[in-house]
Amino acid sequence: MINEKRVRLLQKGNETNGPIIYWMSRDQRVHDNWALLFSQQIALEKKKPLIVLFNIVPDFLEATIRQYGFMLKGLQEIDSELAKYNIPFFLLAGKPDVQISEFLKQKYGSVLVSDFDPLKIKRIWKRDVAREIAIPFYEVDAHNIVPCLSVSDKLEFAAYTIRPKIHKALIEFMDEFPSLKKMGKTEIASDKIDWVKIQNSVKINFDVKEVDWLKPGETSALKSFKYFLKNKFENYYELRNDPSRDYQSNLSPYLHFGQISAQRVALETQKFNGNKESEKSFLEELIVRKELSDNFCYFNKNYDSFEGFHQWAKTSLNEHRKDERDFVYTIEQFEHAKTHEDLWNAAQMEMVTTGKMHGYMRMYWAKKILEWTKSPEDALRTAIYLNDKYEIDGRDPNGYAGIAWSIGGVHDRAWFERPVYGKIRYMNRNGAEKKFDIKSYIGKFFG
Ligand code: FAD
Ligand code: FO1
């Protein structure tokens, strides 16, 4: 049975005797998906068919073909995997409130289930859909191990405040997943989806090319994770912050699109029983840091603006608005890696060419944008725009929280005061030089 703390009734309503419908969005996977398992649980209880649908919007937060291509290939795999369980899959395209309400009427849907997402755009989608329907509408947190709304009912200050709350709750929520059951034959035939037509129908930027070093989809996500455990996990602890080496897990694109469950990753990491230091720091990132980002985006509606910073940071940054900037660059100069600094340019080129900048360099990259723009607002706009355009894992709560940490000291503490930064933590090139071989990193991406 699904822990009911994962489930929230968004809106009451009157059930019809039609199918149970799971509107998949954030958690794009068939296995280890609490929202799908919950939908199946009620379908079996009520002896009703189960349908899964996904609605494509043509323009999601600056996303380009790099992200849509990754996502659509993952959805294609879902379509064929669900067929093995007699669960019809439908792909809609357009405004969610129009598409979903239309579909529910057409299919005579009796209950709607969605998955949890703290981003404003998703909450607006759900609000608009709820207005159009009169059947029960649930939301299931399938993304977090400890459901976001169970961890805390308020904005957490930092990792050290949320960590004990998460660790205390892990016992209850780190349970093994039940497997998805095969449904009985249904007369509801899913459409034959023309994936090429869909990919060409989205009006997005096709200049940011898809990447080929990371294969999209649920099967590749699990393979990639097993590879990480076997070949990198041992040294993750001491090498994860070295951008000149490749010792991060590279799971963030898969986690962002929900093609792998963080809970599955945590369960398998514990079973693997590898290097204990690596396990501690990996699970800290995967559970505490990641869930802190959902908490930040859910409870702070200004997660993507200056307003979202703590008072101490706003006051301090305001006091240094007039400070002389040694360099000021436009978005285009940043985008085309045309700054005076080879290390920063290399980080930009890593993101543009691979779609995934190393985690350590993301902090450095964003902080230098604060240093080389006219205002913190300009810095935020630049960082979010570039991050969401080029990172495969962009448009994610982790990104908004990471950028707010770097530019606005969110989840961080005040640092020694200095020009432009005020009390926001400073990072500089010789700090980087002490940590890793910057020549080899620059040579790789800006040689
Ligand atoms: P690993 O080190 O293998 O970590 C495993 C998982 O833990 C990650 O996939 C992620 O889910 C989580 N995690 C790791 N570090 C963090 C962190 N600092 N905050 C929250 N969760 C974390 N992450 C994104 O998913 N999308 C983004 O757009 C994004 N933009 C960022 C921008 C800036 C300026 C900063 C400072 C950080 C950003 N991050 C973002 C967080 C972090 O850098 C990435 O999650 C991480 O580098 C992803 O690589 P990985 O999965 O190989 O990491
Ligand atoms: N979610 C959807 O339900 N429909 C979409 O068309 C869609 C497009 C999309 C493109 C890029 C991207 O990074 C995310 C996208 N998402 C879409 C949202 C995604 O499923 C995640 O839920 C959120 O971005 C993470 O919170």
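Worth knowing before you read on, the calculation uses all heavy atoms, side chains too, and leaves out hydrogens, waters and symmetry mates. Order of appearance sets the numbers: ligands from 1, and atoms from 1 within every ligand.
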**Message:** Is the distance from the ring center of Phe282 to that of Tyr237 below 6.0 Å?
**Reply:** no
**Request:** Output yes when a protein non-hydrogen atom is found under 4.0 Å of atom 33 (C) of ligand 1, and no otherwise.
**Result:** yes
**Item:** Short N or O distance, Trp23 and ligand 2, threshold 3.5 Å exclusive
**Value:** no
**Request:** Look only at interatomic distance and state if Ser25 has a nitrogen or oxygen under 3.5 Å from any nitrogen or oxygen of ligand 2.
**Result:** yes
**Prompt:** Do any nitrogen or oxygen atoms of Trp405 come within less than 3.5 Å of a nitrogen or oxygen of ligand 1?
**Reply:** no
**Complete:** Residue, atom and distance of the protein heavy atom nearest atom 22 (O) of ligand 2 read Lys122 NZ, 2.6 Å
**Message:** Looking only at protein heavy atoms, which one is nearest to atom 6 (O) of ligand 2, and what is the separation?
**Reply:** Val57 N, 2.8 Å
**Request:** Could you pull out, from Gln67, Gln28, Arg66, Glu391, the option with a heavy atom nearest to atom 19 (C) of ligand 2?
**Result:** Gln28
**Request:** Decide whether a cation-pi geometry holds between Arg240 and Tyr247; the criteria are a distance under 6.0 Å from NZ or CZ to the six-membered ring centre and an angle within 45° of the ring axis.
**Result:** no
**Message:** Do Lys435 and Tyr364 form a cation-pi contact, if we require the NZ or CZ to be under 6.0 Å from the six-membered ring centre and within 45 degrees of the ring's axis?
**Reply:** no
**Within-shell test, Lys290 vs ligand 1, heavy atom, strictly < 4.0 Å** = yes
**Prompt:** What part of Arg362 sits under 4.0 Å from ligand 1 if we count only heavy atoms: the side chain, the backbone, both or neither?
**Reply:** both
**Prompt:** Among protein heavy atoms, which lies nearest atom 12 (C) of ligand 2, and at what distance?
**Reply:** Arg395 NE, 3.3 Å
**Message:** Between His358 and Phe436, is the ring centroid distance below 6.0 Å?
**Reply:** no
**Test item: side-chain donor near acceptor, Ser249 and Lys232, under 3.5 Å** = no
**Asked** Should you measure from each heavy atom of Ser293, which atoms of ligand 1 turn up under 4.0 Å away?
**Response** 20 (C)
**Message:** With the threshold set at under 4.0 angstrom, would you say His256 reaches ligand 1 through any of its heavy atoms?
**Reply:** no
**Item:** Ile56: numbered ligand 2 atoms lying under 4.0 Å from its heavy atoms
**Value:** 6 (O)
**Complete:** Looking only at heavy atoms, the pair that brings Ile20 and Ser39 closest together is CG2-O, 3.7 Å
**Message:** Show the atoms of ligand 2 that are less than 4.0 angstrom away from any heavy atom in His256.
**Reply:** 12 (C), 13 (O), 14 (C), 23 (C), 24 (O), 25 (C)
**Asked** Can you check whether Phe103 and Trp23 have ring centres sitting under 6.0 Å from each other?
**Response** no
**Asked** Does His143 have a heavy atom less than 4.0 Å from any atom of ligand 2?
**Response** no
**Request:** Could you find the nearest protein heavy atom to atom 15 (C) of ligand 2 and give me its residue, atom name and distance?
**Result:** Phe60 CD2, 3.4 Å
**Request:** Classify the ring geometry between Phe70 and Phe257 as parallel (under 30°), tilted (30 to 60°) or perpendicular (over 60°).
**Result:** tilted
**Request:** Using a strict cut-off of 4.0 Å, indicate which atoms of ligand 2 neighbour a heavy atom of Phe257.
**Result:** 11 (C), 12 (C), 13 (O), 14 (C)
**Asked** Between Lys356 and ligand 1, does any nitrogen or oxygen pair lie at a separation below 3.5 Å?
**Response** yes
**Message:** Test your reading of the structure: does Asp393 have an N or O sitting under 3.5 Å from an N or O of ligand 1?
**Reply:** yes
**Request:** Kindly indicate whether a cation-pi arrangement holds for Lys356 with Trp213, taking the cut-offs as under 6.0 Å to the six-membered ring centre and within 45° of the axis.
**Result:** no
**Request:** Can you sort out which atoms of ligand 2 are near Ala63, meaning under 4.0 Å from one of its heavy atoms?
**Result:** 10 (C), 11 (C)
**Asked** Between Phe116 and His143, is the gap from one ring center to the other below 6.0 Å?
**Response** no
**Message:** Taking a cutoff of less than 4.0 Å between a non-hydrogen atom of the residue and any ligand atom, is Phe282 in contact with ligand 1?
**Reply:** yes
**Prompt:** Quick one: are the ring centres of Phe299 and Phe296 less than 6.0 Å apart?
**Reply:** no
**Asked** Looking at Trp415 versus Tyr421, is the centre-to-centre ring distance below 6.0 Å?
**Response** no
**Complete:** Trp125 heavy atoms within 4.0 Å reach ligand 2 at atoms 2 (C), 3 (O), 4 (N)
**Message:** Considering both backbone and side-chain atoms of Arg395, is one of its nitrogen or oxygen atoms within less than 3.5 Å of a nitrogen or oxygen in ligand 1?
**Reply:** no
**Fill in**
re atom 23 (C) of ligand 2, the protein heavy-atom contact at minimum distance is Asp117 OD2, 3.5 Å
**Item:** Numbering as shown, the atoms of ligand 2 that approach Leu119 to under 4.0 Å (heavy-atom distance)
**Value:** 26 (O)
**Message:** When you compare ligand 1 with Tyr236, is there at least one nitrogen or oxygen pair between them that comes in under 3.5 angstrom?
**Reply:** yes
**Asked** Short list, please: which atoms of ligand 2 are under 4.0 Å from a heavy atom of Pro397?
**Response** 26 (O)
**Prompt:** Any heavy atom of His358 sitting closer than 4.0 Å to ligand 1?
**Reply:** no
**Item:** Heteroatom distance test (Gln248, ligand 1): nitrogen or oxygen, under 3.5 angstrom
**Value:** yes
**Request:** Give the residue, atom name and distance (to 0.1 Å) of the protein heavy atom nearest atom 18 (N) of ligand 1.
**Result:** Glu285 OE1, 4.1 Å
**Message:** I need the atoms of ligand 2 closer than 4.0 Å to a non-hydrogen atom of Gly394, numbered in the order shown.
**Reply:** 13 (O)
**Item:** Identity and distance of the protein heavy atom lying nearest atom 4 (N) of ligand 2
**Value:** Asn55 O, 2.8 Å
